[in-house]
S.K.: 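Have a look at the structure that comes next, please.
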Amino acid sequence: MVWLATLSAGLREKTESLIIDHYGDSVSFLFKKMALQPEIKSMAEKNARLRFMLNQIYVWEIFQKDSLVGLAYLDNVKGKSQPITYAVFYDPNGNIVDSHIIKYREPIGGEVANRYWLKQFLGKSTNSDYQVGKNIDGISGATISVNAVTRGIHRSTFVIDFLLNKHDE
């Protein structure tokens with residue numbers, strides 16, 4: 001129930017502001033609250049080794065005129081004891097073009113919100129390696145947050161890939 005309360009606490013507005021910052025103010029977007037279908041939920045959880053906190057996600061389809069230019073994905077992962085709300089922006093091919101920590105609630109580990117650290121996800125997709133310590137830098141004192149955000153972003157790539165391929169049918 002934390003998630004429902006926090007979405008109304010400015011998370012949608014912050015995400016939409018970041019969409020405009022990234023894509024420019026000439027884009028339009030369509031916000032969708034989506035129930036996770038069991039097949040995609042199971043597949044994404046298995047591949048990213050991370051369970052969803054809820055059975056729903058939030059997605060924005062981003063358009064330039066009538067063309068889809070990207071998708072934004074908003075979800076939570078569990079930090080040590082509190083949810084970490086994050087957004088990931090994707091191009092129409094399912095590659096990450098930006099990522100943000102929308103709300104960090106833990107007393108330590110907030111370094112995962114650092115733009116420099118988040119840049120290492122640029123260009124990644126479902127086929128990328130998300131191994132902390134190998135392809136993803138760790139952060140001293142933020143091990144739980146690093147692993148949670150990394151797995152959450154990885155998990156989101158499977159959902160986005162599913163949604164993009166579903167649009168092609």
Side-chain angles (χ1 to χ4, degrees), residues 3 6-7 10-77 83-103 112-132 134-137 146 148-169:
W3 178 242
T6 57
L7 186 64
L11 299 181
R12 179 176 175 176
E13 292 81 5
K14 183 171 181 183
T15 304
E16 290 177 354
S17 176
L18 290 167
I19 291 170
I20 292 168
D21 288 349
H22 182 86
Y23 291 95
D25 58 8
S26 65
V27 296
S28 60
F29 40 84
L30 178 61
F31 170 74
K32 294 181 178 184
K33 176 180 169 181
M34 304 175 73
L36 282 166
Q37 296 175 12
E39 63 183 284
I40 184 58
K41 180 180 180 190
S42 173
M43 189 269 296
E45 287 177 342
K46 180 183 175 195
N47 282 302
R49 300 181 336 268
L50 180 70
R51 293 195 181 278
F52 284 93
M53 292 180 69
L54 297 175
N55 289 319
Q56 65 191 23
I57 55 162
Y58 299 88
V59 174
W60 288 259
E61 295 177 339
I62 305 160
F63 298 92
Q64 183 80 49
K65 298 187 179 171
D66 291 334
S67 297
L68 181 71
V69 294
L71 294 170
Y73 173 101
L74 182 72
D75 199 3
N76 285 308
V77 290
I84 301 168
T85 305
Y86 67 98
V88 185
F89 300 170
Y90 293 88
D91 69 17
N93 297 314
N95 299 308
I96 296 173
V97 296
D98 207 354
S99 57
H100 301 272
I101 300 300
I102 303 298
K103 182 130 179 123
V112 294
N114 182 295
R115 298 298 307 142
Y116 179 78
W117 186 80
L118 289 166
K119 281 184 180 183
Q120 63 191 324
F121 295 102
L122 297 179
K124 289 193 178 291
S125 67
T126 56
N127 299 321
S128 301
D129 191 349
Y130 290 80
Q131 190 173 342
V132 174
K134 182 179 175 191
N135 302 86
I136 302 296
D137 294 334
V146 164
V149 170
T150 298
R151 287 182 178 168
I153 290 174
H154 189 201
R155 184 183 65 194
S156 71
T157 64
F158 294 100
V159 176
I160 293 299
D161 186 60
F162 177 84
L163 294 174
L164 288 169
N165 289 325
K166 190 172 139 185
H167 284 171
D168 293 341
E169 294 175 359

S.K.: With a 4.5 Å heavy-atom cut-off, do Q56 and M34 have their side chains touching?
M.R.: no
S.K.: Can you see which heavy atom on M53 is nearest to which on V77, and at what distance?
M.R.: SD-C, 3.6 Å
S.K.: Nearest 0.5 angstrom please: N93 CG to I160 CD1, how far?
M.R.: 12.5 Å
S.K.: Between I84 and K103, is a side chain to side chain contact (heavy atoms under 4.5 Å, CB included) present by the stated rule, with each step listed?
M.R.: CA-CA 6 Å; I84 301 168; K103 182 130 179 123; over 6 Å; no
S.K.: Look at the rings of F121 and Y130 and say which category their plane angle falls in: under 30° parallel, 30 to 60° tilted, over 60° perpendicular.
M.R.: parallel
S.K.: For a side chain to side chain contact (heavy atoms under 4.5 Å, CB included) check, start with the C-alpha distance between L18 and E16, then their side-chain angles and the critical distance, and finish with the verdict.
M.R.: CA-CA 5 Å; L18 290 167; E16 290 177 354; over 6 Å; no
S.K.: Donor-acceptor pairs are to be reported for all side-chain atoms of residues 41-52 against protein atoms at under 3.5 Å, with residues two or more places apart or in another chain.
M.R.:
from, atom 1, to, atom 2, distance (Å)
K41, NZ, N55, OD1, 2.4
E45, OE2, F52, N, 2.9
N47, ND2, M43, O, 2.9

S.K.: Please check if atom CG in D25 has more than 12 non-hydrogen atoms from other residues, nucleotides or ligands closer than 6.0 Å.
M.R.: no
S.K.: Could you give the distance from CZ (R155) to OG1 (T126), rounded to the nearest 0.5 Å?
M.R.: 15.5 Å
S.K.: Using the side chain to side chain donor-acceptor pair (under 3.5 Å) criterion, which residues pair with S67? Sequence neighbours excluded.
M.R.: none
S.K.: So which atom in T157 and which in Y90 form the shortest heavy-atom distance, rounded to 0.1 Å?
M.R.: N-OH, 3.4 Å
S.K.: Under a 3.5 Å distance rule, please check whether S17 uses its side chain to pair with a backbone N or O of E13 as donor and acceptor.
M.R.: no
S.K.: Give me the ring orientation class for F89 and Y23: parallel if the planes are under 30° apart, tilted from 30 to 60°, perpendicular past 60°.
M.R.: tilted
S.K.: Restricting to non-hydrogen atoms, name the atom on D129 and the atom on K134 that form the minimum distance, rounded to 0.1 Å.
M.R.: OD2-NZ, 3.6 Å
S.K.: Less than 4.0 Å between a side-chain N and a carboxylate O, is that true for K119 and D98?
M.R.: no
S.K.: Are V149 and I101 close enough that some pair of their side-chain heavy atoms sits under 4.5 Å apart?
M.R.: yes
S.K.: Please find the pair of heavy atoms, one from F63 and one from K65, that lie closest to each other, and give the distance.
M.R.: CB-O, 3.7 Å
S.K.: Using the ring centroid of each side chain, check whether Y58 and F31 are separated by less than 6.0 Å.
M.R.: yes
S.K.: Identify which one of H154, K124, R151 satisfies the side chain to side chain contact (heavy atoms under 4.5 Å, CB included) criterion when paired with I136.
M.R.: K124
S.K.: Supply the atom-to-atom distance H22 NE2 to S99 OG, rounded to the nearest 0.5 angstrom.
M.R.: 10.5 Å
S.K.: Please lay out, stage by stage, how E61 and L68 fare under the test side chain to side chain contact (heavy atoms under 4.5 Å, CB included).
M.R.: CA-CA 7 Å; E61 295 177 339; L68 181 71; 4.0 Å; yes
S.K.: Could you give the distance from OG (S156) to CD1 (I57), rounded to the nearest 0.5 Å?
M.R.: 9.0 Å
S.K.: I102 vs T15, test: side chain to side chain contact (heavy atoms under 4.5 Å, CB included). Steps then yes/no.
M.R.: CA-CA 7 Å; I102 303 298; T15 304; 3.8 Å; yes
S.K.: Show the nearest heavy-atom pair for residues L74 and A87, with the distance to one decimal.
M.R.: CD1-CB, 4.1 Å
S.K.: Could you tell me which non-hydrogen atom of W117 sits nearest to which non-hydrogen atom of D137, and how far apart they are?
M.R.: NE1-O, 2.7 Å
S.K.: Give, for atom OG of S125 and atom CG of D161, the distance between the pair rounded to the nearest 0.5 Å.
M.R.: 8.0 Å
S.K.: Rounded to the nearest 0.5 Å, how far apart are NE2 of H100 and CD1 of I19?
M.R.: 9.0 Å
